[in-house]
Peer 1: 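Structure incoming, see below.
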Amino acid sequence: MASTTAFFPSFRFPVPSNAKARLASAPRSGTISCGFSNGREPEEPPGLKDVQRILEEKRRAELAARIASGEFSVPQSRLRSAFRRLGPVGKFLDEMLERWVGVGDAQRLKIPQAKGSIGAVGGQAFFIPLYELFITYGGIFRLTFGPKSFLIVSDPEIAKRILRDNAQDYSKGILAEILEFVMGKGLIPADYDVWKVRRKAIVPALHQKYVAKMIGLFGKASYGLCEKLDKAASDGEDSEMESLFSRMTLDVIGKAVFNYNFDSLTHDNGIIEAVYTVLREAEMRSTSLIPTWEIPIWKDISPRQKKASQALKLVNDTLDDLIAICKRMVEQEELQFHEEYMNEQDPSILHFLLASGDDVSSKQLRDDLMTLLIAGHETSAAVLTWTFYLLSKNPHVMSKLQDEVDSVLGDRLPTIEDMKKLKYTTRVINESLRLYPQPPVLIRRSLDDDILGGFPIKRGEDIFISVWNLHRSPKHWTDPDCFNPERWPLDGPNPNEINQNFSYLPFGGGQRKCVGDMFATFETVVATAMLVRRFNFQMALGAPPVEMTTGATIHTTEGLLMTVTRRPQPPIIPKLETRTQIVNGDETVTLQEDQQGEVSVAPL
Ligand code: HEM
């Protein structure tokens, strides 16, 4: 494995420790509420904000003075200064010199530097100090600690250049090195040559008919969660929503990618534990300062390492078995392969890939499946976790959301047609993804020299594009920290990186953009709609404060403990007692039909 540098290192910076940014920087707790709250978290004392404002103003004034003093500028060469004094002729000579030696305006500037020393930040999510530094140093700055330096990018134009316009000159760098043990050459870490072939093979598998079919799967998985919550409500128990969302999305992605029913909402077994062990190991490696997993002897004696290796072996063996089973199914079936090919019994991505005759080694296929499993699991779980946190803090949004869901869905399971009608629900997800992007930073390494934001950068630079900063930049958003789904008009287009000009990157952008964006949007919309239709959600009394920590996605430090209560049922149109049990895979749901022929899920 190449580099041993942790990619989310801890660090301290020369900024006042509690100096929140001018426009209220991201708080350490996840509290994002704009005047509305269910009042279950202590407020800050009134004087504190003033102190922070004064400190912040002082810091900005000092910085302005340092910039004015030329601290961030490299002196021009004497020759070029002389040319500049010669008017138009000098300008011509200057340009000639520039072309000849390749020295542009850019190279006269030095990227602002933030120096830090490696040290613990007491559990603080690493992207929070990056926000403070962004407010101080701007859309691109160099963060140096010890021998290592990173470029931190928080500017939409620069992000656009790296992700889209000059994407071929950037690789996944440290991310690929750290994830290699689990994803191998899967789509996320893959270098350009492998990526190009695999992306072409995988993207067609997520065709419209497949995604429409998945809506049923999302509905059933969400229904499973409703059953769990209903039981907790009956028993008067609070529910830890983060782990429940994680289990629900694991069940979804297992079926969707390789037709495996983890059934983790109702069971705990070896394979589920193994998946979580592997995920945690990947996250630990991505946040660890010392890469103990690379030390030869330690690797063999450390109990954690041994456990991780065994877990990975179990997951890999299971994937190999699933690939073998699926191969046999494909050999026996008579379906002709075509663009929107889908096996109704097994609509999984694996089945599509094998039926397509994709000529790929089993190892590559396993890497792809593992990548899809990881990419599509924790991301969706994190989106749901933070959405429900935000909803609990913003009851006015919750009640508007519930009104929409009541009127569009009633008691039905959502269908693909409902996705267009659940407009406000979609805006809630869009806005949740703005405030809590998953992942909060995108990682790249330059493969060639380039100019970013007017600054020259060298080949081999490690770069963090802070989506967190982009999504909360006071330059681009009104009340950036405010949870306000109304900022996206219902009759407007779905916000994405193109129509927001790279200020909004919930699914990345350019050629490495997420392949599961539609899948994930529908999954989170369906789950949100089905849950708020049936329940109200409040932070539990005595719940631990909701603070952020990070691995690949933003987690809470101590879970999201909520009191979930049943909503009173709206008036029910008399039902014809036609009850049908439908079985899909291992899941059974009872449906009923009313006099208008509308099919709905039978009450829990
Ligand atoms: C709400 C949930 C999701 C979010 C927020 C999300 C976000 C992202 C982002 C930001 C990227 C770009 C990473 C980069 O440029 O470095 C990405 C890539 C990717 N995502 Fe997602 N994702 C989600 C769900 C899914 C799902 C459900 C799948 C699969 C079914 C998936 C599969 C992938 C893959 C394979 C890539 C790599 C694409 C490439 O490099 O060509 N994601 N995702």
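Whatever order the structure lists them in is the order used to number ligands and atoms, beginning at 1. Since we're looking at a predicted model, the values are computed, not measured. Counting begins at 1 with the first residue of the sequence.
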Peer 1: Hey, is Lys513 one of the residues with a heavy atom under 4.0 angstrom from ligand 1?
Peer 2: yes
Peer 1: Ignoring water, what protein N, O or S atoms are under 2.8 Å from atom 21 (Fe) of ligand 1?
Peer 2: Cys514 SG
Peer 1: Do ligand 1 and Arg199 have nitrogen or oxygen atoms that lie under 3.5 Å from each other?
Peer 2: yes
Peer 1: Would you please classify the geometry between the His338 ring and the Tyr341 ring as parallel, tilted or perpendicular, with 30° and 60° separating the classes?
Peer 2: perpendicular
Peer 1: Kindly compute the distance separating OG1 (Thr553) from OH (Tyr436), expressed to the nearest 0.5 Å.
Peer 2: 13.5 Å
Peer 1: Name the closest protein heavy atom to atom 13 (C) of ligand 1, giving the residue it belongs to and the distance to 0.1 Å.
Peer 2: Leu442 CD2, 3.8 Å
Peer 1: Are any non-hydrogen side-chain atoms of Lys423 and Glu404 less than 4.5 angstrom apart?
Peer 2: yes
Peer 1: With side-chain contact (heavy atoms from CB on, under 4.5 Å) as the test, pick out the partner of Ser432 among Leu390, Thr528, Leu384.
Peer 2: Leu390
Peer 1: List in chain and number order the residues that pass side-chain hydrogen bond (donor to acceptor under 3.5 Å, both in side chains) with Asp346, two or more places apart in sequence or in another chain; answer none if no residue qualifies.
Peer 2: Ser348, His351
Peer 1: Run the numbers for me: atoms of ligand 1, each under 4.0 Å from some heavy atom of Arg444, listed by number.
Peer 2: 14 (C), 15 (O), 16 (O)
Peer 1: If you measure every N or O of Thr524 against every N or O of ligand 1, does any of those distances drop under 3.5 Å?
Peer 2: no
Peer 1: Tell me whether Asp368 is salt-bridged to Lys363, with the criterion being a basic N under 4.0 Å from an acidic carboxylate O.
Peer 2: no
Peer 1: Taking side chain to side chain contact (heavy atoms under 4.5 Å, CB included) as the test, write out the residues that go with Ala381, two or more places apart.
Peer 2: Phe245, Ser246, Thr249
Peer 1: For Met329, I'd like to know if atom CE has over 12 heavy atoms of other residues, nucleotides or ligands within 6.0 Å.
Peer 2: yes
Peer 1: Run the side chain to side chain contact (heavy atoms under 4.5 Å, CB included) test against His207 and tell me which residues pass, sequence neighbours left out.
Peer 2: Lys209, Tyr210, Glu340, Met342, Phe352
Peer 1: For ligand 1, which atoms, with element, lie under 4.0 Å from some heavy atom of Lys172?
Peer 2: 14 (C), 16 (O), 40 (O)
Peer 1: Can you tell which of Arg512, Arg198, Gln511 gets a heavy atom nearest to atom 40 (O) of ligand 1?
Peer 2: Arg512
Peer 1: In terms of atom number and element, which parts of ligand 1 are under 4.0 angstrom from non-hydrogen atoms of Leu372?
Peer 2: 29 (C), 35 (C)
